[in-house]
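Side-chain atoms are counted along with the backbone in the values below, which use heavy atoms only and exclude waters and symmetry mates. Along the sequence shown, residues are numbered consecutively beginning with 1.
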Amino acid sequence: KDEKMVNPMRGKFFCFSMALDEKKRVVYTGGSTSRVISFPEQTKIAELKRVKNCSPYLSPLGTYVMFFNDSSYMYLYETAQLEKCIFHGSFKMSGSNVVCWKDDECFLFATEGTINSIYIDKNNKKVEKTVLVDLREYMENPDLQITSVDCCNDKVLLFVRKWMPGINNCIVEIDKDGDIRVRNLGDELSGYDDVRYDRKGGVFYSNRSKNIAWCKKIDYIDKADKTIENVKSYCTRVSSDGRYVVAGVRDGEKSSAVIFEANTFLVKRRFEYETARWGLVGFSSDSHYVLVGGNNAQIIDVKDLNKE
């Protein structure tokens, strides 16, 4: 058994995705039933029986966890009081790459061409659902669709499909004051459908039928500065310190999680799993572990990858 891998449950275990709070040493799992377990002891702390087929998303400070099903509903909990759901809502399907925490009190998710926010007032614990921006109205295109959402340093980054013949897709950035900036993409980058901040001023683009592309500046939108070959990703995440990128990859009968250095683009680890039981990938709260959902879900230690 690889010493860098920790199975979060004894025996073969499937969950669609996980969230790991390193300070509290707690893992939140999705799947047919959502569970909370200790890390790395594997002791079950709680089981949220009403929360089914959801992915957990932990707020940046670990105060809240949102269990989100990308086809219909969400459940919000305060991590200190898991016995009580503080918000339950439903929505129109948009996808699994269109959710993220903006900060510890604001969760964002897209429904088609609209970005919505779940805001939590930490003083009175009231939860408010609002529309942050309707891009269909703003860009005067009722057919556009948001395919990915990412946040960094109070900014929100969106990939937008315009769904109009002869017109390229674009990325949209919303700053902390709510100002919107649209950047139209050149032909090389327009065919992607997911975009992520690299945490250093640039961005990564990905698509399950293309390579991963990197631009050193967010304004550099005609072509990529570099591409990572043969990594066709359905889910790409960047560590909070910008050191690593993990990509969930499907290739024919195989699925895998590929971990590579953001600076050198060298592949540091590849973990294969069954196609029929694939899941989302992500990082733990302090980016010391990579979380791989799917059949025989794994938590992979990446603290010492640079020493290998």
Side-chain angles (χ1 to χ4, degrees), residues 2-6 8 17-27 39-40 56-62 97 99-104 148-157 159 171 173 192 194-207 211-218 220 224-249 256-272 279-293 297-308:
D2 191 332
E3 294 179 356
K4 300 294 183 184
M5 290 187 179
V6 179
S17 66
M18 295 176 285
L20 168 57
D21 187 331
E22 293 188 47
K23 292 182 176 64
K24 296 178 181 176
R25 300 174 66 86
V26 170
V27 179
F39 177 79
Y57 295 88
L58 189 67
S59 67
L61 299 180
N97 282 334
V99 299
C100 95
W101 285 92
K102 185 174 184 291
D103 53 46
D104 212 57
S148 75
V149 179
D150 193 24
C151 294
C152 183
N153 298 328
D154 292 325
K155 292 184 178 180
V156 182
L157 182 64
F159 194 98
I171 57 174
E173 191 173 51
Y192 292 87
D194 185 25
V195 64
R196 301 283 152 186
Y197 285 115
D198 71 355
R199 276 54 183 166
K200 298 176 182 179
V203 292
F204 286 98
Y205 296 83
S206 65
N207 183 295
N211 300 315
I212 292 178
W214 172 72
C215 293
K216 62 183 177 182
K217 294 182 180 179
I218 195 170
Y220 195 54
D225 288 291
K226 192 179 179 83
T227 58
I228 298 96
E229 304 291 338
N230 301 316
V231 181
K232 299 175 175 60
S233 173
Y234 63 82
C235 177
T236 305
R237 298 292 183 267
V238 183
S239 63
S240 58
D241 57 10
R243 291 178 63 190
Y244 297 108
V245 179
V246 59
V249 180
S256 62
V258 179
I259 305 165
F260 58 89
E261 281 185 326
N263 288 339
T264 64
F265 305 107
L266 294 175
V267 173
K268 303 295 291 187
R269 186 68 55 82
R270 185 185 294 268
F271 170 66
E272 293 188 350
L280 298 177
V281 298
F283 283 90
S284 59
S285 58
D286 293 334
S287 296
H288 293 146
Y289 299 90
V290 165
L291 313 174
V292 182
Q298 297 287 335
I299 297 177
I300 305 171
D301 189 337
V302 296
K303 294 191 296 292
D304 298 323
L305 282 185
N306 279 336
K307 298 179 182 180
E308 297 179 1

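- Considering only residues two or more places apart in sequence or on other chains, S233 meets the side-chain hydrogen bond (donor to acceptor under 3.5 Å, both in side chains) condition with T236.
- In this structure, K200 does not pair ionically with D198, as no charged nitrogen and carboxylate oxygen lie closer than 4.0 Å.
- I218 is listed as a side-chain neighbour of Y197, based on a closest heavy-atom distance under 4.5 Å.
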- [ ] Begin with the C-alpha distance, continue with both residues' side-chain angles, and end with the deciding distance and a verdict on salt bridge (charged side-chain N to carboxylate O under 4.0 Å, His left out) for D225 and K217.
- [x] CA-CA 9 Å; D225 288 291; K217 294 182 180 179; over 6 Å; no
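- Heavy atoms from other residues, nucleotides or ligands lying under 6.0 Å from NZ of K24 number more than 12.
- With S284 contributing its side chain and L20 its backbone, the two residues share no donor-acceptor pair below 3.5 Å.
- Proximity of a side-chain donor or acceptor of Y192 to a complementary backbone N or O of N211 within less than 3.5 Å is detected.
- A 4.5 Å side-chain heavy-atom check between E173 and V156 finds every atom pair outside the cut-off.
- Not a single donor-acceptor pair under 3.5 Å links the side chain of T227 to the backbone N or O of E229.
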TODO: Just do the side-chain contact (heavy atoms from CB on, under 4.5 Å) check on V203 and L157 with the steps written out, would you?
DONE: CA-CA 10 Å; V203 292; L157 182 64; 3.8 Å; yes
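- Between the side chains of D241 and S287, no donor N or O sits under 3.5 Å from an acceptor N or O.
- Looking at heavy atoms from C-beta onward, V245 lies out of side-chain contact with R237 at the 4.5 angstrom threshold.
- When all heavy atoms of A19 and L291 are compared, the closest pair comes out as CA-CD1, 3.8 Å.
- Side chain of R269 to main chain of F260: no donor-acceptor pair is present (N/O by atom type, distance under 3.5 Å, no hydrogens or angles).
- Here the shortest heavy-atom pairing between F204 and I228 reads CE2-CD1, 4.4 Å.
- Between the side chain of D301 and the backbone N or O of K303 there is at least one donor-acceptor pair closer than 3.5 Å.
- Nearest heavy atom pair, residue I212 against residue A247, reads CD1-CB, 3.9 Å.
- Nearest heavy-atom pair across S285 and L58 is CB-CD2, 4.5 Å.
- Residues K102 and P60 fail the side-chain proximity criterion, which asks for heavy atoms closer than 4.5 Å.
- In this structure a side-chain-to-backbone donor-acceptor pair under 3.5 Å is present from E22 to H288.
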TODO: Could you give me the CA-CA distance, side-chain angles and deciding distance for V246 and V258, then say whether side-chain contact (heavy atoms from CB on, under 4.5 Å) is met?
DONE: CA-CA 6 Å; V246 59; V258 179; over 6 Å; no
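- Under the 6.0 Å cut-off for aromatic ring centres, Y205 and W214 do not qualify, their centroids lying 6.0 Å or more apart.
- When only modelled atom types and interatomic distance are considered, D194 and S148 share a side-chain donor-acceptor pair under 3.5 Å.
- Look at D150 and K155 and you find no salt bridge, because none of the NZ, NE, NH1 or NH2 atoms lies under 4.0 Å from a carboxylate O.
- The two residues V149 and R196 come nearest to each other via the heavy atoms O-NH1, 2.9 Å.
- S59 pairs in a side chain to side chain donor-acceptor pair (under 3.5 Å) with only one of the listed residues (D103, D21, D104), which is D104.
- For R199 against S240, the heavy-atom pair with the smallest separation is CG-O, 3.5 Å.
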TODO: Could you walk me through whether Y289 and F39 pass ring pair (Phe, Tyr, Trp, His ring centres under 6.0 Å), step by step?
DONE: CA-CA 12 Å; Y289 299 90; F39 177 79; 5.2 Å; yes
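- Formation of a donor-acceptor pair under 3.5 Å by the Q298 side chain with backbone atoms of V292 is not found in this model.
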